[in-house]
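Sequence positions, counted from 1, serve as the residue numbers for this chain. In this text the structure is predicted, and so the values were computed from the model without any measurement.
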Amino acid sequence: QVKVAESGGGSAQVGESLRLSCAASGFSPESYCMGWFRQLPGKEPEGVAGIGDGNSTHYADSVKGRFTISQDNTKYNLYLEMNNLNPEDTAKYYCAVDRCWRIEALWVGYGLTQAWRGQGTQVDVSS
């Protein structure tokens with residue numbers, strides 16, 4: 001059974017930083033990759049960042065240069081360092097485990113229906 005749990009969300013002012021953490025288990029890192037997506041109520045989810053095959057990193061244009069995704073050597077713990085936050089970053093952030101090609105595409109064209117995800121952690125950025 002795949003388990004995914006996020007932590008580290010909270011409130012921040014514009015320009016500040018937050019770090020999200022994700023602990024996952026129950027899957028084979030040789031066959032699956034991990035990533036982050038975010039979602040606002042009533043809106044479609046948006047892939048934010050992912051680590052794909054060969055430890056390749058992938059970012060949405062909206063966060064490139066501000067967010068950094070990383071993973072520990074076990075491949076079961078994932079992090080998202082979010083710098084220079086702005087109000088458009090406000091959302092619930094989810095960690096997900098999925099096939100690597102879907103992670104590398106940040107789920108564009110694939111959707112999230114087959115991803116294992118956690119309960120999410122809320123990030124609120126105010127000006």
Side-chain angles (χ1 to χ4, degrees):
Q1 181 182 2
V2 178
K3 295 183 179 179
V4 182
E6 306 92 343
S7 60
S11 299
Q13 300 285 319
V14 169
E16 291 184 343
S17 300
L18 285 173
R19 179 179 167 91
L20 305 183
S21 299
C22 173
S25 62
F27 68 98
S28 170
E30 287 75 32
S31 301
Y32 293 89
C33 292
M34 296 179 68
W36 295 93
F37 70 94
R38 62 189 181 187
Q39 190 168 20
L40 284 166
K43 300 286 188 179
E44 290 293 312
E46 175 192 20
V48 174
I51 297 185
D53 273 334
N55 294 320
S56 59
T57 54
H58 306 266
Y59 295 95
D61 288 343
S62 58
V63 308
K64 208 170 288 184
R66 300 187 299 120
F67 290 13
T68 302
I69 190 171
S70 61
Q71 194 171 37
D72 73 357
N73 290 337
T74 70
K75 306 288 188 184
Y76 289 113
N77 293 291
L78 190 71
Y79 307 96
L80 188 67
E81 184 74 32
M82 305 186 295
N83 298 318
N84 194 19
L85 286 162
N86 61 58
E88 289 70 40
D89 297 317
T90 293
K92 197 161 191 179
Y93 284 71
Y94 296 84
C95 176
V97 177
D98 203 342
R99 292 295 188 179
C100 296
W101 61 85
R102 285 195 284 266
I103 295 282
E104 289 163 3
L106 298 181
W107 296 281
V108 175
Y110 295 109
L112 281 144
T113 55
Q114 299 189 58
W116 291 284
R117 67 188 74 179
Q119 294 297 308
T121 185
Q122 182 67 34
V123 170
D124 293 302
V125 183
S126 57
S127 55

N/O donor-acceptor pairs under 3.5 Å from side chains in residues 41-53, not counting sequence neighbours:
{"from": "E46", "atom 1": "OE1", "to": "R38", "atom 2": "NE", "distance (Å)": "2.7"}
{"from": "E46", "atom 1": "OE1", "to": "R38", "atom 2": "NH2", "distance (Å)": "3.1"}
{"from": "E46", "atom 1": "OE2", "to": "S62", "atom 2": "OG", "distance (Å)": "3.2"}

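- Here the closest non-hydrogen pair linking Y93 and L20 is CB-CD1, 3.6 Å.
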Mind listing the side-chain donor-acceptor pairs of residues 106-121 below 3.5 Å, one per line with the distance, residues two or more places apart or on another chain?
{"from": "W107", "atom 1": "NE1", "to": "D98", "atom 2": "OD2", "distance (Å)": "2.9"}
{"from": "R117", "atom 1": "NH2", "to": "L112", "atom 2": "O", "distance (Å)": "2.9"}
{"from": "T121", "atom 1": "OG1", "to": "G9", "atom 2": "N", "distance (Å)": "3.0"}

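- Counting heavy atoms from C-beta on, the side chains of E81 and R19 come closer than 4.5 Å.
- By the criterion of side-chain heavy atoms lying less than 4.5 angstrom apart, applied directly or through intervening Ile, Leu, Val, Met, Phe, Trp or Tyr residues, V63 is not grouped with Y94; the two fall into different hydrophobic clusters.
- The heavy-atom pair separating C95 from M34 by the smallest distance is SG-CE, 3.6 Å.
- Among residues two or more places apart in sequence or in another chain, the side-chain contact (heavy atoms from CB on, under 4.5 Å) test is passed with S25 by K3.
- Looking at heavy atoms from C-beta onward, L85 lies out of side-chain contact with Q13 at the 4.5 angstrom threshold.
- Placement of V4 and Y79 in two distinct hydrophobic clusters is found when ILVMFWY residues are connected by side-chain heavy-atom separations under 4.5 Å, directly or transitively.
- Annotation for L18 and G10: closest pair CD1-O, 3.8 Å, computed over non-hydrogen atoms.
- Closest non-hydrogen pair, S17 versus N84, comes out as OG-N, 4.2 Å.
- Under a hydrophobic clustering in which Ile, Leu, Val, Met, Phe, Trp and Tyr are joined whenever their side-chain heavy atoms come within less than 4.5 Å, directly or via other members, I103 and W101 fall into different clusters.
- When all heavy atoms are compared, the tightest approach of V14 to S127 is CG2-CA, 3.5 Å.
- The minimum heavy-atom distance between W36 and E6, with the atom names listed, is CZ3-CG, 3.9 Å.
- Both F27 and I69 belong to a single network of hydrophobic side chains, linked directly or stepwise wherever heavy atoms of I, L, V, M, F, W or Y lie under 4.5 Å apart.
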